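For reference, the structure discussed in these notes is given below.
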Amino acid sequence: MSDIALVENIGEYEGKTVTVQGWVADKTDKGKLQFLRVRDGTGVIQATLFQKTAPVEAFELAKRIPQESSVRVTGEVRKEPRAPGGFELSVTDMQAVQLARDEYPITPKEHGIEFLMHNRHLWLRSSRQHAILRIRATIIKAIRDYLDNNGFMLLDTPILTPAAVEGTTTLFQTDFYGEPAFLTQSGQLYNEANAMAFGKVYCFGPTFRAEKSKTRRHLSEFWMVEPEWAFGTLDDYMRVAEGMVSYIAQTVLELRKTELQVLERDTSLLEKVAAPFPRISYDDAVKIIREKGDPNFKWGDDFGAPDETLISEQFDRPVFVHHYPTEMKAFYMAPDPDRPEVCLSADLLAPEGYGEIIGGGQRSADLEYLEAQLVKHNLPREPYEWYLDLRKYGSVPHCGFGLGIERTVAWICKLDHVRETIPFARMMDKMYP
RNA sequence: UCCGCGAUAGCUCAAUCGGCAGAGCGAGCGGCUGUUAACCGCUUGGUUGGACGUUCAAGUCGUCCUCGCGGAGCCA
């Protein structure tokens with residue numbers, strides 16, 4: 001029995017005989033010459049069999065084997081410029097683990113999105129999906145590395161929660177031992193408690209929004225990283241956020257060249273993603289919209305998707321929009337002491353029309369202000385009692401932000417829709433597979 | 001929730017004015033010693049999303065329904 005080799009390391013085995021375990025992604029029958037392209041999860045390698053030299057059983061199997069059958073293929077690794085990937089396996093032995101029983105639905109030709117989403121469990125095997133999801137994994141690791149290396153501690157927040165964080169967004173309700181409970185829409189409030197206990201923290205997990213949104217930027221279940229730290233200000237937040245996003249872009253450019261190539265991503269645009277990012281105030285953003293878009297845009301309105309695109313088009317890298325109207329933002333945002341109608345908040349808009357990927361800001365440290373905000377926002381006090389405690393026992397200025405993973409992946413990969421950025425997207429009216 | 005578009009073979013699509021429902025891919029069989037979404041020949045393919053209606057005649061026109069796609073609002 002020869003060594004099991006992974007396709008991603010196949011170059012290390014040149015001249016040696018190894019076994020690759022995987023699936024027949026595709027094949028070409030040339031009569032007395034058979035080409036199989038075998039995928040093992042780490043890559044695809046071409047396995048070649050000549051009728052003249054290969055064992056009879058192996059050759060016959062290769063000739064007959066249906067697409068997506070699972071196989072063990074043994075052969076000598078040869079450098080071969082004509083083969084995709086540059087290496088090829090000259091097969092000396094081959095066994096089927098299982099012969100695919102039905103016609104494989106996904107062919108190398110085009111398919112519609114409805115069909116592909118219905119076959120998502122199989123679509124994941126294709127090279128484009130491999131590229132996207134490897135980049136997703138790299139982005140997540142880059143985020144974790146950046147935060148871990150900058151003194152942040154991972155401290156996860158609960159998924160089952162007793163109340164809305166921001167009150168406005170629709171929540172998924174579930175049953176908690178007979179009591180209503182909700183799937184979290186943000187780790188934000190618990191993060192603040194964690195930050196008061198540990199200083200610099202972050203949570204990383206799934207987030208649920210029952211919004212009836214049907215756009216390329218929405219999922220019902222998505223992943224978010226939320227750093228939060230004590231003694232942090234609005235400026236501190238923007239510095240950490242731009243550092244993290246730059247690090248994400250640089251890491252993907254460095255480690256995922258092949259994948260970006262598969263996706264035909266213009267990497268020159270990603271190379272520009274380096275701190276510092278431009279910062280403009282909400283007031284200035286409104287001016288841009290009035291000049292180049294809607295002249296009647298009202299101060300105090302939130303930006304629509306076309307407005308965000310217009311703003312981000314003015315810059316060649318992500319842009320912060322800060323000091324939003326206090327009314328527009330969550331109840332816990334700290335108002336600007338010099339100008340209370342705006343708050344110490346900022347969103348980061350990604351380039352190329354990808355819109356908001358980060359929202360965050362400085363939180364109010366003031367007990368009386370937050371008590372008044374709860375009343376103003378019609379929120380019950382009782383579920384927030386513990387949150388108010390944080391302002392009783394050593395309240396300090398602090399800040400934090402949330403970055404949406406799927407929107408970030410969509411932007412880095414330049415995808416049309418976030419549904420391809422997660423293995424199994426949960427969208428309005430869509431739970432299969 | 002609102003606006004727009006769509007549903008025809010396993011997949012991607014075509015079908016002129018309402019007049020015999022087609023092609024490519026896939027699959028099956030055969031051929032080919034360098035294929036890369038191969039190529040060549042043959043074969044296989046249908047409750048035209050559902051219900052009702054108009055008509056001598058409906059994939060095509062009308063009403064209702066279901067599902068999907070795109071966008072808006074809202075958000076990350």
Side-chain angles (χ1 to χ4, degrees), chain A residues 25-37 44-54 59 62-64 66-67 78 80-86 88 90 100 102-119 122-123 126-128 165-166 168-170 184-188 206-226 241 301-308 328-330 347-350 354-360 401-411 416-419 421-422 427-430 432:
Chain A
D26 189 20
K27 61 174 208 161
T28 307
D29 179 353
K30 286 277 296 165
K32 296 191 175 76
L33 167 59
Q34 300 291 325
F35 296 106
L36 300 180
R37 280 169 293 277
V44 177
I45 187 165
Q46 179 159 277
T48 307
L49 300 91
F50 289 100
Q51 189 169 38
K52 217 168 176 177
T53 53
F59 187 85
K63 201 175 170 68
R64 300 289 156 205
Q67 190 186 358
R78 282 188 304 105
E80 173 53 76
R82 288 171 295 185
E88 193 173 77
S90 293
D102 286 308
E103 193 179 316
Y104 189 64
I106 298 178
T107 69
K109 296 281 179 176
E110 301 116 45
H111 297 285
I113 191 64
E114 181 185 357
F115 177 80
L116 289 170
M117 285 306 285
H118 187 74
N119 288 286
L122 303 175
W123 190 22
S126 73
S127 58
R128 182 183 155 82
V165 166
E166 295 171 25
T168 53
T169 319
T170 318
T184 181
Q185 58 179 0
S186 168
Q188 160 68 33
T207 300
F208 306 87
R209 303 271 167 98
E211 271 294 328
K212 297 210 168 191
S213 299
K214 281 182 59 168
T215 82
R216 60 181 65 190
R217 301 214 293 256
H218 283 87
L219 296 173
S220 303
E221 175 182 310
F222 66 96
W223 286 67
M224 190 155 67
V225 62
E226 295 177 274
D301 280 354
D302 207 349
F303 304 132
D307 304 321
E308 286 185 352
M328 259 173 58
K329 290 290 177 185
D347 289 352
L348 184 69
L349 306 183
Y354 280 90
E356 185 184 343
I357 55 168
I358 288 180
F401 65 96
L403 174 139
I405 299 300
E406 286 74 18
R407 285 189 183 176
T408 303
V409 176
W411 160 51
D416 294 338
H417 201 297
V418 290
R419 66 188 154 212
T421 64
I422 186 166
M427 292 180 289
M428 188 182 150
D429 297 329
K430 204 164 298 175
Y432 181 92

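Letters go in sequence order (proteins before strands), and every chain restarts at 1. None of the values given here were measured: they were computed from a predicted structure.
For B:rC75, its base sits under 3.5 Å from the side chain of A:R407 at one donor and acceptor pair at least. A donor-acceptor contact under 3.5 angstrom links the side-chain atoms of A:H218 to the base of B:rC75. Donor-acceptor pairing under 3.5 Å, judged by distance alone, is present between the side chain of A:Q46 and the base of B:rU35. Judged by distance alone with a 3.5 Å cut-off, a donor-acceptor contact links the side chain of A:E88 to the base of B:rG34.
Between A:R419 and B:rG70 there is a side-chain N or O to OP1 or OP2 distance below 4.0 Å.
Taking the C1' atom of each, B:rA27 and B:rG45 are spaced 10 Å apart, rounded to whole Å. Of the C1' atoms belonging to B:rU12 and B:rC69, the separation is 15 Å, rounded to the nearest Å. Nucleotides B:rU54 and B:rC11, compared at atom C1', are 35 Å apart to the nearest Å. Comparing the C1' positions of B:rA14 and B:rC67 gives a spacing of 23 Å, expressed to the nearest Å. Distance noted for atom P between B:rG49 and B:rC56: 25 Å (whole Å). B:rU8 sits 38 Å from B:rA76 when the P atoms are compared, rounded to a whole Å. On the P atoms, B:rG62 is 11 Å away from B:rG18, given to the nearest whole Å. A distance of about 24 Å separates the P atoms of B:rA58 and B:rG10, rounded to the whole Å.
Where A:K32 and A:P84 meet RNA chain B, the nucleotide closest to each residue was compared, and A:K32 sits on the side nearer the 5' end. The nearest heavy atom of RNA chain B to A:D26 and to A:G31 marks one nucleotide each, and the one closer to the 5' end goes with A:G31.
Residue A:E103 has its side chain nearest to B:rG10 when only B:rG70, B:rU35, B:rG10 are considered. Distances from the side chain of A:F222 to the nucleotides B:rG34, B:rA76, B:rC29 place B:rA76 closest. Closest to the side chain of A:T107, out of B:rA38, B:rG26, B:rU36, is B:rG26. Distance from the side chain of A:T215 is smallest for B:rG73 among the nucleotides B:rG73, B:rU35, B:rA76.
Between the side chain of A:E406 and the main chain of A:W223, a donor-acceptor pair closer than 3.5 Å is present.
The side-chain heavy atoms of A:S127 and A:V44, taken from C-beta on, include no pair separated by under 4.5 Å. Between A:H417 and A:I113 the shortest side-chain heavy-atom distance does not fall below 4.5 Å. Inter-residue side-chain proximity for A:H118 and A:Y432 is flagged as met; some heavy-atom pair is nearer than 4.5 Å. Counting heavy atoms from C-beta outward, A:W123 and A:M117 have side chains that approach closer than 4.5 Å. Under the 4.5 Å side-chain criterion, counting only non-hydrogen atoms from C-beta, A:I45 is not in contact with A:R37. Contact check for A:D26 versus A:F35: no side-chain heavy atoms found under the 4.5 Å cut-off.
Between A:F115 atom CZ and B:rC25 atom P the separation is 17 Å, expressed in whole Å. For the pair A:D29 CG and B:rG31 P, the computed distance is 9 Å after rounding to whole Å. The distance from atom CD of A:E114 to atom C1' of B:rC5 is 14 Å, rounded to the nearest whole Å. Nucleotide B:rA76 holds its P atom 14 Å from the CZ atom of A:F303, rounded to whole Å. If you measure from atom CD of A:Q67 to atom P of B:rA37, you get 13 Å, rounded to the nearest angstrom. Between A:F50 atom CZ and B:rG34 atom P the separation is 8 Å, expressed in whole Å. The distance from atom CG of A:D307 to atom P of B:rC74 is 10 Å, rounded to the nearest whole Å. We find that CZ of A:R209 is positioned 21 Å from P of B:rU1, with the value rounded to whole Å.
Using a 4.0 Å heavy-atom distance criterion, A:E110 is classed as a base contact. Residue contacts for A:A305: at a heavy-atom cut-off of 4.0 Å it reaches the sugar-phosphate backbone alone, with no base atom in range. At a threshold of 4.0 angstrom between heavy atoms, the contacts of A:H118 with the nucleic acid are absent. Across all strands, A:E80 comes closer than 4.0 Å to base atoms (heavy-atom distances). Contact annotation for A:I113: backbone-only contact, meaning every heavy-atom pair under 4.0 Å involves sugar-phosphate atoms and none involves a base. Contact annotation for A:G355: no contact, since no heavy-atom pair falls under 4.0 Å across all strands. Counting non-hydrogen atoms under 4.0 angstrom, A:I405 reaches nothing in the nucleic acid. At a threshold of 4.0 angstrom between heavy atoms, the contacts of A:K27 with the nucleic acid are absent.
Across all strands shown, B:rC13 pairs with B:rG22; the Watson-Crick or G-U wobble distances both stay below 3.5 Å. Across all strands shown, B:rC67 is found opposite B:rG6 as a Watson-Crick or G-U wobble partner, with both distances under 3.5 Å. The base-pairing partner of B:rG45, taking Watson-Crick or G-U wobble contacts with both distances under 3.5 Å, does not exist among the strands shown. When both distances must be under 3.5 Å, the Watson-Crick or G-U wobble mate of B:rU36 does not exist. Both distances falling under 3.5 Å, in either a Watson-Crick or a G-U wobble arrangement, occur for no nucleotide opposite B:rU55. The base-pairing partner of B:rA72, taking Watson-Crick or G-U wobble contacts with both distances under 3.5 Å, is B:rU1.
With its glycosidic angle more than 90° from 0, B:rC13 adopts the anti conformation.
The pair A:E211-A:R209 does not meet the salt-bridge criterion, since no charged nitrogen lies less than 4.0 angstrom from a carboxylate oxygen.
For the residue pair A:R407/A:T421, the side-chain donor-acceptor check at 3.5 Å is not satisfied.
A stacking contact between A:F35 and B:rG34 is absent: the pair does not combine a ring-centre distance of less than 5.5 Å to the base's six-membered ring with planes differing by less than 30°.
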